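This is a predicted model, so every value here is computed, not measured. Note that the numbering runs from 1 along the sequence shown for the chain.
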Amino acid sequence: GGSLEIGECFQHTHKHKPARVTALVELLSSAGVKATASDNILVALWTKLISMGSFGPVGAAARAPIDVLISIPQTRAVVELAMNEIVAVAHALGIAVDAEFPKKYLATSAATSPPGTTVSTIRDVLNGNASEVLELSGAVVRYGEQKGIPTPTHAMLVGMLLPQEQ
């Protein structure tokens with residue numbers, strides 16, 4: 001699996017990693033949890049949002065796993081649009097995510113996902129549970145509005161998934 005990234009949102013005010021971050025990483029590592037101390041947790045969080053916040057809502061709207069989403073050119077394009085909107089919003093907020101991350105992720109991680117792989121948002125919708133659309137796409141739309149960044153893909157996803165939340 002993956003690794004747990006630990007950091008502080010206001011770490012940029014420190015010249016080094018805070019001792020409590022290092023102590024937590026050491027504690028988790030000693031318990032067998034793969035953990036690292038992040039140099040910039042906001043970049044790590046927004047990078048995670050680029051993938052999860054795109055594949056989740058698009059997959060929930062399409063009711064399809066990652067391999068299906070990226071195998072159909074039209075849905076792959078929607079995923080990429082959603083990813084690029086998150087990059088634009090992050091940049092407007094001063095968070096230096098890699099602008100090439102969407103293309104890299106689609107070419108590597110997403111392309112090598114085992115068939116049938118889904119993110120929790122898709123599973124939630126398929127199981128009749130709340131989709132987290134307001135926490136994912138809704139947040140992208142709200143931050144986009146604050147910074148004057150258009151987020152039509154995420155606005156559409158909110159509109160498509162929100163009726164299921166009622």
Side-chain angles (χ1 to χ4, degrees), residues 1-60 64-71 76 79-80 82-127 129-144 146-147 149 151 154 157 161:
S3 175
L4 183 61
E5 264 186 276
I6 308 292
E8 291 189 352
C9 286
F10 302 104
Q11 187 171 322
H12 64 275
T13 61
H14 304 287
K15 292 185 175 158
H16 58 281
K17 290 182 182 85
R20 63 185 175 184
V21 170
T22 303
L24 182 56
V25 168
E26 289 171 0
L27 178 66
L28 290 168
S29 296
S30 71
V33 176
K34 187 176 177 185
T36 58
S38 174
D39 289 330
N40 190 330
I41 198 66
L42 289 177
V43 169
L45 289 169
W46 277 81
T47 299
K48 177 73 173 178
L49 181 62
I50 293 168
S51 58
M52 209 291 222
S54 298
F55 277 103
V58 174
I66 292 171
D67 59 308
V68 173
L69 295 175
I70 64 170
S71 70
R76 182 187 181 103
V79 169
E80 193 165 2
M83 294 174 105
N84 286 325
E85 286 177 10
I86 296 171
V87 169
V89 170
H91 286 171
L93 292 168
I95 301 166
V97 296
D98 180 358
E100 295 299 312
F101 178 79
K103 286 185 197 281
K104 292 175 188 175
Y105 188 83
L106 287 169
T108 57
S109 299
T112 59
S113 292
T117 298
T118 59
V119 298
S120 62
T121 310
I122 299 168
R123 294 188 298 274
D124 288 340
V125 167
L126 293 175
N127 291 325
N129 299 321
S131 70
E132 302 173 317
V133 68
L134 292 176
E135 292 80 8
L136 298 170
S137 290
V140 174
V141 171
R142 288 188 303 276
Y143 281 118
Q146 287 175 11
K147 293 296 183 177
I149 303 297
T151 56
H154 285 280
L157 290 165
L161 293 169

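For the pair S131/V125, a side-chain contact is recorded, criterion being any heavy-atom separation below 4.5 Å from C-beta on. Residues E26 and T22 form a side-chain contact, since some pair of their non-hydrogen atoms from C-beta on lies under 4.5 Å apart. Counting heavy atoms from C-beta on, the side chains of M52 and T121 come closer than 4.5 Å.
Of the inter-residue distances, the one linking T117 atom OG1 with I122 atom CD1 reads 9.5 Å to the nearest 0.5 angstrom. Taken to the nearest 0.5 Å, the CD1 atom of I86 stands 13.5 Å off from the CD1 atom of I149. To the nearest 0.5 Å, atom CG of residue L45 and atom CG of residue N40 are 9.0 Å apart. Note that CD of E85 is 12.0 Å distant from CD1 of I50, once rounded to the nearest 0.5 Å.
Pairs of residues two or more places apart, or lying in two chains, never qualify as side-chain hydrogen bond (donor to acceptor under 3.5 Å, both in side chains) while including a residue from residues 45-57.
Listed here is the closest heavy atom pair of F55 and L106: CZ-CD2, 3.7 Å. A82 and V58 get closest at one heavy-atom pair: CB-CG2, 4.5 Å. Closest approach of S120 to E132, counting heavy atoms only: OG-OE1, 3.7 Å. Nearest heavy atom pair, residue A90 against residue V97, reads CB-CG2, 3.8 Å. Minimum interatomic distance between D124 and A130 (heavy atoms only, all atoms of both residues): CB-O, 3.2 Å.
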With a 3.5 Å cut-off and sequence neighbours excluded, list the donor-acceptor pairs that the side chains of residues 135-143 form with protein atoms.
residue: S137; atom: OG; partner: H154; partner atom: ND1; Å: 2.8
residue: R142; atom: NH1; partner: L134; partner atom: O; Å: 3.3
residue: R142; atom: NH1; partner: G138; partner atom: O; Å: 3.2
residue: R142; atom: NH2; partner: L134; partner atom: O; Å: 3.3

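S71 places a side-chain N or O within donor-acceptor distance of the main-chain N or O of V68, the cut-off being under 3.5 Å.
For A99, the side-chain contact (heavy atoms from CB on, under 4.5 Å) criterion is met by V87, H91, not counting sequence neighbours. K104 is linked by a salt bridge (charged side-chain N to carboxylate O under 4.0 Å, His left out) to D98, counting only residues two or more places apart in sequence or in another chain. Residues satisfying the side-chain contact (heavy atoms from CB on, under 4.5 Å) criterion with S109, sequence neighbours excluded, are Y105. Residues meeting the salt bridge (charged side-chain N to carboxylate O under 4.0 Å, His left out) test with E80, sequence neighbours left out: K103.
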